[in-house]
**Student:** 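Structure below; questions to follow.
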Amino acid sequence: MKLGKKLRKLRENKKMTMYRLTQITGVSGHHIKGIEEGTRQPTIETLGRLVSALGSSLSEIFNDDTECTYLSGKERRLIENFRILSDEKADALLNMSDVLKK
């Protein structure tokens, strides 16, 4: 899936209007529309602002999977917390999550 289509799909999945995305990012609606239609190419900085506002990441946008997903606030918080744990605590959390999913 092309970059612009992925961005549009992420935006629509978040039920976010293009106008709202312009308010959050400071990127003009004309520019966003051009990116989504494939007639404009964003800088990495602009793309970073867009995907961040959509709850995604640059790595996810450039992933070749056809599915566009985004992390919810809870998922993002869990990952951020996990990344700062010691190896011992990370292993304990993984074991606990295995128990909870049963």
Side-chain angles (χ1 to χ4, degrees):
M1 185 181 290
K2 295 196 181 223
L3 175 67
K5 287 183 180 183
K6 284 186 176 188
L7 281 174
R8 179 179 290 146
K9 184 172 175 118
L10 278 172
R11 184 175 58 77
E12 290 172 349
N13 285 346
K14 294 277 288 189
K15 297 181 178 21
M16 186 181 296
T17 64
M18 195 177 297
Y19 177 72
R20 180 68 182 137
L21 187 56
T22 66
Q23 290 179 314
I24 295 169
T25 62
V27 178
S28 76
H30 179 72
H31 192 54
I32 293 171
K33 182 178 180 184
I35 294 167
E36 288 185 354
E37 291 175 348
T39 59
R40 301 190 115 196
Q41 292 299 317
T43 63
I44 292 295
E45 179 187 347
T46 298
L47 187 57
R49 290 187 353 221
L50 293 171
V51 297
S52 177
L54 294 168
S56 189
S57 67
L58 289 173
S59 61
E60 187 174 7
I61 288 295
F62 290 111
N63 187 346
D64 286 337
D65 289 348
T66 57
E67 286 296 312
C68 280
T69 59
Y70 59 91
L71 296 176
S72 69
K74 289 180 182 180
E75 290 167 326
R76 182 175 290 136
R77 188 171 141 213
L78 183 62
I79 290 169
E80 289 169 355
N81 289 342
F82 182 83
R83 288 180 177 162
I84 62 173
L85 295 176
S86 67
D87 286 343
E88 182 179 300
K89 289 182 178 180
D91 290 340
L93 181 58
L94 289 172
N95 289 336
M96 184 186 307
S97 70
D98 288 338
V99 169
L100 290 173
K101 74 177 184 181
K102 293 180 182 178

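No experiment lies behind these values; they were computed from the predicted model shown.
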**Student:** Roughly how far, to the nearest 0.5 Å, is the CD atom of Q23 from the CE atom of M16?
**Tutor:**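 With rounding to 0.5 Å, CE (M16) is 10.0 Å from CD (Q23).
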**Student:** With a 4.5 Å cut-off on side-chain heavy atoms, are V99 and K102 touching?
**Tutor:**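 They are not in contact (no side-chain heavy atoms under 4.5 Å apart), so the answer is no.
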**Student:** Return the minimal non-hydrogen interatomic distance between I61 and K6, and the atom names on each side.
**Tutor:**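 That closest heavy-atom pairing would be O-NZ, 2.9 Å.
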**Student:** Please name the residue in the list L7, V27, I35 that meets the side chain to side chain contact (heavy atoms under 4.5 Å, CB included) test with L47.
**Tutor:**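 Exactly one candidate clears the test, L7.
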**Student:** Looking at E36, H30, E37, which one forms a side chain to side chain contact (heavy atoms under 4.5 Å, CB included) with K33?
**Tutor:**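 When E36, H30, E37 are each tested with K33, the side chain to side chain contact (heavy atoms under 4.5 Å, CB included) holds only for E37.
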**Student:** Roughly how far apart are T43 OG1 and Q41 CD, rounded to 0.5 Å?
**Tutor:**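 Interatomic distance, T43 OG1 to Q41 CD, rounded to 0.5 Å: 11.0 Å.
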**Student:** Restricting to non-hydrogen atoms, name the atom on R11 and the atom on T17 that form the minimum distance, rounded to 0.1 Å.
**Tutor:**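 Closest heavy-atom pair between R11 and T17: NH1-C, 3.8 Å.
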**Student:** When rounded to the nearest 0.5 angstrom, what is the spacing between OG in S56 and NZ in K14?
**Tutor:**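 With rounding to 0.5 Å, OG (S56) is 9.5 Å from NZ (K14).
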**Student:** When rounded to the nearest 0.5 angstrom, what is the spacing between CZ in R8 and CG in L3?
**Tutor:**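 The CZ atom of R8 sits 11.5 Å away from the CG atom of L3.
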**Student:** As an exercise, state the distance from CZ of R20 to OG1 of T25, rounded to the nearest 0.5 Å.
**Tutor:**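 Between atom CZ of R20 and atom OG1 of T25 there are 10.0 Å.
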**Student:** Within a radius of less than 6.0 Å around CZ of R40, do more than 12 heavy atoms belonging to other residues, nucleotides or ligands occur?
**Tutor:**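 Yes, the 6.0 Å shell around CZ holds more than 12 heavy atoms from other groups.
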**Student:** Please name the residue in the list D91, L93, L94 that meets the side chain to side chain contact (heavy atoms under 4.5 Å, CB included) test with L85.
**Tutor:**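 Output: one option passes, namely L93.
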**Student:** Report the distance from atom CD1 of I84 to atom CD1 of I79, rounding to the nearest 0.5 Å.
**Tutor:**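 Going from CD1 on I84 over to CD1 on I79, the span is 13.0 Å.
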**Student:** Hydrophobic cluster membership, with links at side-chain heavy-atom distances under 4.5 Å among I/L/V/M/F/W/Y: are L10 and I44 in one?
**Tutor:**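 They do share one cluster, since a chain of ILVMFWY contacts under 4.5 Å joins L10 to I44.
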**Student:** Checking the side chain of T22 only, and the main-chain atoms of Y19 only, is there a donor and an acceptor separated by less than 3.5 Å?
**Tutor:**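 Yes, the answer is positive, given that a donor and an acceptor are paired below the 3.5 Å cut-off.
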**Student:** Under 6.0 Å from the CG atom of D87, do we count more than 12 heavy atoms belonging to anything else shown?
**Tutor:**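 No, CG of D87 has 12 or fewer neighbouring heavy atoms, counting only those of other groups under 6.0 Å.
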**Student:** Counting only N and O atoms by type, is there a donor-acceptor contact under 3.5 Å from the side chain of R76 to the main-chain atoms of G55?
**Tutor:**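 Answer holds: yes.
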